[in-house]
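In what follows, a structure is listed as structure tokens, so that the remarks can point back to it.
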Amino acid sequence: MTSPAYRDDRAHVFHSWSAQKALQPLVVAGAEGSWFWDEDGRRYLDFSSQLINMNIGHQHPKVVAAIQEQAGTLCTIAPFHANDKRSEAARLIAELAPGDLDMVFFTNGGAEATENATRMARLVTGRQKVLTTYRSYHGATGASITMTGDPRRWASEPGFPGVVHFFGPYPYRSAFHATTDAEETERALQHLEDVVVLEGAATVAAIMLETVVGTNGILVPPDGYLAGVRDLCDRYGIVMICDEVMAAFGRCGEWFAVDHWGVTPDLICFAKGVNSGYVPLGGVIISRRIADAFAERPYPGGLTYSGHVLGCAAAVASINAMKDEGIIEHARSLGTDVIGPELRALQERHPSIGEVRGLGVFWAIELVRDRETREMFVPFNAAGEAAAPMNELVAACKAQGLWPFAHFNRIHVTPPCTTSADDVRHGIAILDEVLELADKQVR
Ligand SMILES: Cc1ncc(COP(=O)(O)O)c(C=O)c1O
């Protein structure tokens, strides 16, 4: 017997990124903290934080109350008015952001943030090109999908003009034949500078990168890389944009991932963790220099729901709760004291694990068929039969009540920042069992 929710979904809801016919969505009835459950009361530990947005955990009482209270006062107001919650959210975000990043342009989500950040960069520099990395995701709207450096872009090509992709650092599969992190940093920076020069530095408006690459592998940049990009941008007059839609607000154990390296970009894109998606909200944090460029001339961009007050009220409550409850510190220590050591222990037990990497509550287990050759456990962008070995692992996790995030040949460990150490260990214990299936496929 299927429920009305399931039947109406299958009849009328057109889902993202999917061939519609084969879908069998789980009907979620409720959630709390790091757990959610279906209509039959079957519970899942959320190791995916939904789409890596549920940083504060499901149904945080202070955020729920703030939304309820705001709904009773004022549900929405046009962006040209000022409003107490919007003003407060902008101030709190600006206070947390590094350096002179102290103005906020609000959007409804991440794609609109990357669209607007690159629009600002083009207008301020008078240049056209934007450089982004392969193995990146920047959203699914016109420019943001073109800037995306993964297969989700392919079907939308040819896209927006002036986007050029380059290789970022990925020590485990170095594009530069590097054998140490220091070599990877040096060679990745030289490669980027070569691309800038060959594209014509005077045509490059922005370099945009995910501070820590999310969906495409939790690629943590080796020390020195971000500082090197900052230096390169300064030397060539290029705007440095850090896309922290996934990486900010506790995910990396910091307010902003750049804090980990003490680097200040010109623009930061955020969404997701700012209020955990309780109400859609994203934005661009803007340096004083770039904001001032629009002091006299109008900024030619806007959205009906820019700075939606329900979203902003949720952001204010969420940021304050994160401060009051030490949630950033908790996420950091989950990374250093629990997830990191537990995953390294898994790696010793399971020959199918090629590498584990991450920080905070942002980790990847990269699976291989052969540790020597590093052959991927399933091929790049595998689909259908080729993806079956990964699908088997995902199904085995779900059967044990663990909701994982899997991408290509990786399983990501990305629970809410508020997850208890015991729950994290429980989830990793399930992964420990499930990975025995993967080990059988190792050569
Ligand atoms: C790094 C990054 N940028 C942008 C986006 C797009 O955000 P949204 O789906 O809110 O448009 C995402 C979404 O996953 C992301 O991870």
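The model shown is predicted, which means the values in this text are computed figures rather than measured ones. All ligand and atom numbering here is 1-based and tracks the order in the structure.
- Looking at Arg410, its side chain does come within 3.5 Å of a backbone N or O of Thr215 through a donor-acceptor pair.
- In summary, the side chains of Thr118 and Asn116 do not present any donor paired with an acceptor at a separation below 3.5 Å, with no hydrogens or angles considered.
- Under the rule for a side-chain contact (heavy atoms from CB on, under 4.5 Å), the partners of Ser18 that lie at least two apart in sequence or sit in another chain are His15, Gln20, Leu23.
- Side-chain N/O atoms of Tyr236 and Glu193 include a donor and acceptor closer than 3.5 Å.
- At least one donor-acceptor pair closer than 3.5 Å links the side chain of Asn409 to the backbone N or O of Leu367.
- Ser136 and Glu210 share no donor-acceptor pair across their side chains, judged by distance under 3.5 Å alone.
- If you look at ligand 1, the protein residues with a non-hydrogen atom under 4.0 Å away are Gly109, Gly110, Ala111, Tyr137, His138, Gly139, Glu210, Asp243, Val245, Met246, Lys272.
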